[in-house]
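One structure follows; several queries about it will come next.
Residue numbers count from 1 along this sequence.
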Amino acid sequence: MTTLFSRRGVALAAVGEALVVSGDLGTGVAAALADTGERWLERAEAASLTLDFSGVERASSAAISVLLQWLRVCRRRGVVVSEVRLSAPLRRLTTLAELDALFDHPAA
């Protein structure tokens, strides 16, 4: 495990072929987190990976924005996102926003 970001109770780690986010991801750290993850994705040599947001404690549009930014980077680079893992609060928010299909089948 390599810690890529840790600020205000939010952490980002590269674990194998996964980016793992944990903590209370709000607007205060979202931009910096998104940029850190994007830089890692630009250098990553993995053909596929998992975006794991199962450790995100509180749902917010900021977390969804970070996830969407990383999905765009992966698509642009031809990296297959094999799985998106969401915490229960994020799952409820994506359902409300009708984004389930995008996150349930990210490689589609």
Side-chain angles (χ1 to χ4, degrees):
M1 178 174 93
T2 303
T3 300
L4 304 172
F5 180 92
S6 181
R7 192 177 306 159
R8 291 203 231 168
V10 175
L12 171 63
V15 181
E17 292 186 355
L19 277 179
V20 180
V21 180
S22 61
D24 188 0
L25 177 51
T27 57
V29 296
L33 176 74
D35 290 344
T36 300
E38 184 170 345
R39 283 192 304 274
W40 185 87
L41 289 167
E42 292 290 352
R43 293 188 314 267
E45 300 198 14
S48 69
L49 59 87
T50 295
L51 299 176
D52 186 347
F53 282 63
S54 63
V56 173
E57 299 163 0
R58 191 178 68 178
S60 72
S61 59
I64 300 297
S65 295
V66 170
L67 184 50
L68 290 171
Q69 181 174 340
W70 293 352
L71 286 171
R72 282 191 298 273
V73 172
C74 289
R75 182 161 287 156
R76 184 181 72 237
R77 294 201 63 240
V79 175
V80 174
V81 177
S82 56
E83 183 179 10
V84 174
R85 295 181 190 144
L86 300 174
S87 63
L90 276 176
R91 172 61 61 194
R92 286 190 295 276
L93 182 59
T94 60
T95 298
L96 180 66
E98 298 181 353
L99 295 170
D100 303 70
L102 177 64
F103 299 132
D104 289 343
H105 309 286

Under a 4.5 Å side-chain heavy-atom rule over Ile, Leu, Val, Met, Phe, Trp and Tyr, are F53 and V15 clustered together?
no
Donor-acceptor side-chain pairing of D100 and T95 below 3.5 angstrom
yes
Consider only side-chain heavy atoms of I, L, V, M, F, W and Y, link residues closer than 4.5 Å, and tell whether V20 and L4 are in one cluster.
no
Supply the atom-to-atom distance L67 CG to T94 OG1, rounded to the nearest 0.5 angstrom.
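Going from CG on L67 over to OG1 on T94, the span is 9.0 Å.
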To the closest 0.5 Å, what do you measure between CZ (R85) and CZ (R91)?
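One gets 12.5 Å once the value is rounded to the nearest 0.5 Å.
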Indicate whether any N or O donor in one side chain lies under 3.5 Å from an N or O acceptor in the other, for D52 and S54.
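Their side chains do contain a donor-acceptor pair, which is all the 3.5 Å distance test asks for.
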Indicate the atoms forming the closest heavy-atom contact of Q69 with A34, along with that distance.
OE1-CB, 3.3 Å
Given 3.5 Å as the limit, does a donor-acceptor pair link the side chain of S82 with the main chain of L49, or not?
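Yes, S82 side chain to L49 backbone: donor-acceptor pair under 3.5 Å.
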Once you round to the nearest 0.5 Å, how far does CZ of R72 lie from CD of E38?
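That separation rounds to 8.5 Å.
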Step through it carefully: locate the ring centre of F5, locate the ring centre of W40, and say whether they are under 6.0 Å apart.
no
Residues, nucleotides or ligands: over 12 heavy atoms within 6.0 Å of E98 CD
no
Looking at every heavy atom in both G37 and L19, which two are closest together, and how far apart are they?
O-CD1, 4.3 Å
Can you tell me how far apart OG (S61) and CD1 (I64) are? Round to the nearest 0.5 Å.
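Nearest 0.5 Å value for the OG-CD1 distance: 8.5 Å.
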Any idea which heavy atoms bring L25 and S60 closest together, and the distance?
O-OG, 2.8 Å
Under the side chain to side chain contact (heavy atoms under 4.5 Å, CB included) rule, what do D24 and R8 come out as? Steps first, then yes or no, please.
CA-CA 8 Å; D24 188 0; R8 291 203 231 168; over 6 Å; no
Which atoms form the tightest heavy-atom contact between P89 and E57, and what is the distance?
CG-O, 3.6 Å
Can you list the steps and then say if L96 with R92 is a side chain to side chain contact (heavy atoms under 4.5 Å, CB included)?
CA-CA 6 Å; L96 180 66; R92 286 190 295 276; over 6 Å; no
Judged by atom type as modelled, is there a donor-acceptor pair below 3.5 Å linking the side chain of R7 to the main-chain atoms of A32?
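Not at all, since once roles are kept as given, no pair shorter than 3.5 Å links the two residues.
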pair L41-V79: side-chain heavy atoms closer than 4.5 Å
no
Nearest atoms (heavy-atom pairs only) where L33 meets W70
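So the minimum-distance heavy-atom pair works out to O-CZ2, 3.5 Å.
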